Amino acid sequence: MDLLIPLRLTDSKRPVYLKDEVEHIMQHHVSVLQGDEHTHMEKGVVCLTSHRLIWISSDNSSAVGLYHYTVLNVESHNAGILRGSHKISIYLKNHATVIRLSFKQGGKDTVLASYKNLLANRPWEHVAPSAPIVSPSAFSTTSAGVGGIMKTMKEKSNETTTTLTEAFSDINALMEKAKDLVALADKINATLEKEKKEGDPAASADQEFRSYLIQMGITSPVTKKTAGSLYHKELSRQLSDWIVKHNLLQQGGGMMQMTDLFCLFNRARGTEMVSPDDMYRACVLFEELDLPVVMRKFDSGVLVIQPSNLDDETIAQSTKQLIEQKGPLSALGLASSRSISIALAEQQLESAEAYGYLCRDDTLEGLVFYPNMFTQY
């Protein structure tokens, strides 16, 4: 259907959202019709956001969208006096074709009410005011040379400080400034990534600051209210996208313990916190949904998240290489080097030992691992 625009999907098969776009409601088993004629879009998921109506195929292989500003009106489809209707009719501006949504397993009234509310409130028009256009000023020696550059940088720094000060002055201002803070965090994070690629010697000192930026990364968290029965699947996809976006698994030998991920993810979600049970159920679905990350459980019971294409031997080899560079390491030393928990460090050392890459020296001073030199003889 030419009226619906094809959308890009993330690695976790979620639509790529626009800036400031927020999910409002989702409903599964919804088909799209052109007038009374059926299309190939059968029994998918419909998602209403602040900017668009999005339909996602049942296998999450494709998605299409319809911008709200192109819609004239929506109403329940009239199926006759004696028959109820499970369809919504969408009337477009400057177009005679009517798009209909057919709800196979209920949810029509809830979606219709939300759709009408969005069209009435027009949230896609409520954008943050753009920065004022500054007219070119007359040339001055104070704005030239190194001094001018330093002055400009100081002014930008003052603007950033003002934004942060206003945001944290009280809770109301914080909510109003939330989107500005997320945009600022993304911009700073992109700058740090660029410096890292260019080999900036100071880039390694920015890791602690980067950890604070990770906590500000979700503008539209999936909730039970918006996702309904799809909550755990959509939470799983959003969690996967968030892990990949922030490269959380690059450190720690490609792993992160579930407890650490639980804390970071809830900080990023703000007030929309996830329970441990919901978090676990979302992670269990990683493999079923064929996402870029998976959850695994060690024999000791430790739960970790790792890339789906990462195997134990690759982790063992990287652990061996680190010990060859730094010298003998205990679990505490490895945990410090990779910024991971001691429990996870112990698992990685024991795994590398099982593959024959390391050997242990267990003394009164503690357990230390060395590269296995016996394989050379």
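For clarity, every value in this text was computed on a predicted model and none was experimentally measured.
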So, do Pro6 and Ser62 sit near enough that their side-chain heavy atoms are less than 4.5 Å apart?
no
One should read off an interatomic distance between Ser31 OG and Leu101 CG, to the nearest 0.5 angstrom, of 9.5 Å
Practice item. Might you work through the side-chain contact (heavy atoms from CB on, under 4.5 Å) test for Gln257 and Ile340, ending with a clear yes or no? Key: CA-CA 8 Å; Gln257 197 166 345; Ile340 58 177; over 6 Å; no
* Can any side-chain N or O of His68 pair as donor or acceptor with the backbone N or O of Leu48 at less than 3.5 Å? -> no
Smallest heavy-atom separation, Val294 atom then Pro307 atom, equals CG2-O, 4.2 Å
Residues passing the ring pair (Phe, Tyr, Trp, His ring centres under 6.0 Å) test with Tyr69, sequence neighbours excluded, are Tyr67
- Do Leu118 and Ile90 belong together in a cluster built from hydrophobic side chains that touch within less than 4.5 Å? yes
Sorted by chain and number, sequence neighbours left out, side-chain contact (heavy atoms from CB on, under 4.5 Å) with Asp59 holds for Ser57, Ser61
**Request:** Answer yes or no: is there a side-chain heavy-atom contact under 4.5 Å between Leu248 and Trp242?
**Result:** yes
Sorted by chain and number, sequence neighbours left out, salt bridge (charged side-chain N to carboxylate O under 4.0 Å, His left out) with Lys326 holds for none
So the ring-ring contact (aromatic ring centres under 6.0 Å, His included) pairs with at least one residue in residues 337-373 (sequence neighbours excluded) are none
SG of Cys47 to CD of Glu21, rounded to nearest 0.5 Å, is 7.5 Å
Worksheet entry | Path from Val16 to Met26 over hydrophobic side-chain contacts below 4.5 Å | no
Here the gap from Leu334 atom CG to Ser339 atom OG, rounded to the nearest 0.5 Å, amounts to 10.5 Å
(request) Apply side-chain hydrogen bond (donor to acceptor under 3.5 Å, both in side chains) to Asp311 and Thr314, showing your working. (result) CA-CA 6 Å; Asp311 56 30; Thr314 302; 2.6 Å; yes
Hits for side chain to side chain donor-acceptor pair (under 3.5 Å) against Glu353, two or more places apart or cross-chain, chain-then-number order -> Arg360
Residues passing the side-chain contact (heavy atoms from CB on, under 4.5 Å) test with Ser336, sequence neighbours excluded, are none
Report yes if some heavy atom in the side chain of Leu310 is under 4.5 Å from a heavy atom in the side chain of Leu249; otherwise report no.
no
In terms of heavy-atom contacts, Val74 and Leu112 come closest through CG2-CD1, 4.1 Å
Glu23 meets the salt bridge (charged side-chain N to carboxylate O under 4.0 Å, His left out) criterion, sequence neighbours left out, with Arg14
- request: Apply side-chain hydrogen bond (donor to acceptor under 3.5 Å, both in side chains) to Glu272 and Thr223, showing your working.
  value: CA-CA 7 Å; Glu272 299 291 347; Thr223 65; 5.3 Å; no
* To do: Identify whether Val30 and Ile56 are in the same connected component of the hydrophobic contact network (ILVMFWY, side-chain heavy atoms under 4.5 Å).
  => no
CZ (Arg100) and OH (Tyr91) are apart, to the nearest 0.5 Å, by 6.0 Å
Heavy-atom nearest pair, Ser275 first then Phe262, reads C-CE1, 3.8 Å
- Task: May I ask you to test the Phe298-Leu344 pair for a side-chain heavy-atom distance under 4.5 Å?
- Result: yes
Next item on the list: Show your reasoning for whether side-chain contact (heavy atoms from CB on, under 4.5 Å) applies to Cys283 and Phe286.
Entry: CA-CA 5 Å; Cys283 292; Phe286 283 156; 3.8 Å; yes
Q. Asn60 side chain to Lys13 main-chain N or O, any donor-acceptor pair under 3.5 Å?
A. yes
Check your understanding: Are Leu9 and Leu7 close enough that some pair of their side-chain heavy atoms sits under 4.5 Å apart?
Key -> no
- Without swapping roles, check the side chain of Arg237 against the backbone of Leu291 for a donor-acceptor pair under 3.5 Å. no
Taken in chain and number order and not counting sequence neighbours, the residues that satisfy side-chain contact (heavy atoms from CB on, under 4.5 Å) with Asn73 are Glu75
One should read off an interatomic distance between Ser236 OG and Met279 CE, to the nearest 0.5 angstrom, of 10.0 Å
Those residues at least two apart in sequence (or on a different chain) that pass salt bridge (charged side-chain N to carboxylate O under 4.0 Å, His left out) with Glu350 are none
Are Leu119 and Ile88 grouped together when hydrophobic residues (ILVMFWY) are joined by side-chain heavy atoms under 4.5 angstrom apart?
yes
Aromatic centroids of Tyr115 and His24 separated by under 6.0 Å: no
Flag side-chain contact, heavy atom, 4.5 Å: Ile99 against Leu53: no
Report the C-alpha distance between Thr97 and His95 in whole Å, list the side-chain angles of each, state the deciding distance to 0.1 Å, and finish with yes or no for side-chain hydrogen bond (donor to acceptor under 3.5 Å, both in side chains). CA-CA 6 Å; Thr97 302; His95 208 289; 3.3 Å; yes
Sequence neighbours excluded, the answer for side-chain contact (heavy atoms from CB on, under 4.5 Å) partners of His28 is Val45, Gln105, Ser229, Leu230
- prompt: Side chain of Ser50, backbone of Pro123: donor and acceptor closer than 3.5 Å?
  reply: no
Quick note, ring-ring contact (aromatic ring centres under 6.0 Å, His included) partners involving residues 309-331, not counting sequence neighbours, are none
Any heavy-atom pair between the side chains of Trp55 and Leu4 that's under 4.5 Å? no
So Leu332 and Ile342, side-chain contact (heavy atoms from CB on, under 4.5 Å) or not? Walk me through it. CA-CA 6 Å; Leu332 178 61; Ile342 294 179; 3.8 Å; yes
Taken to the nearest 0.5 Å, the spacing of Ser12 OG from Glu234 CD works out to 10.0 Å
Residues 284-303 vs side-chain hydrogen bond (donor to acceptor under 3.5 Å, both in side chains), sequence neighbours excluded, gives Arg296-Asp312, Ser300-Gln347
Query raised in the report: Can you get from Leu92 to Val98 by hopping between Ile, Leu, Val, Met, Phe, Trp and Tyr side chains that sit under 4.5 Å apart?
Result: no
(Q) Would you say that more than 12 heavy atoms from the other residues, nucleotides or ligands in this model lie under 6.0 Å from the OH of Tyr280, or not? (A) no
Tightest non-hydrogen contact, residues Ser102 and Leu33, listed as CB-CD1, 3.6 Å
Heavy atoms of Thr10 and Pro15 approach each other most closely as CG2-O, 4.2 Å
Taking every heavy atom of Ile323 against every heavy atom of Leu329, the minimum-distance pair comes out as CG1-CD1, 3.9 Å
Let's go through Arg338 and Leu322 carefully: what are the C-alpha distance in whole Å and the side-chain angles of both, what is the deciding distance for side-chain contact (heavy atoms from CB on, under 4.5 Å) to 0.1 Å, and is it a yes or a no? CA-CA 10 Å; Arg338 286 183 165 172; Leu322 182 63; 3.7 Å; yes
*Is there side-chain contact between Arg52 and Leu18, with heavy atoms separated by less than 4.5 Å?*
yes
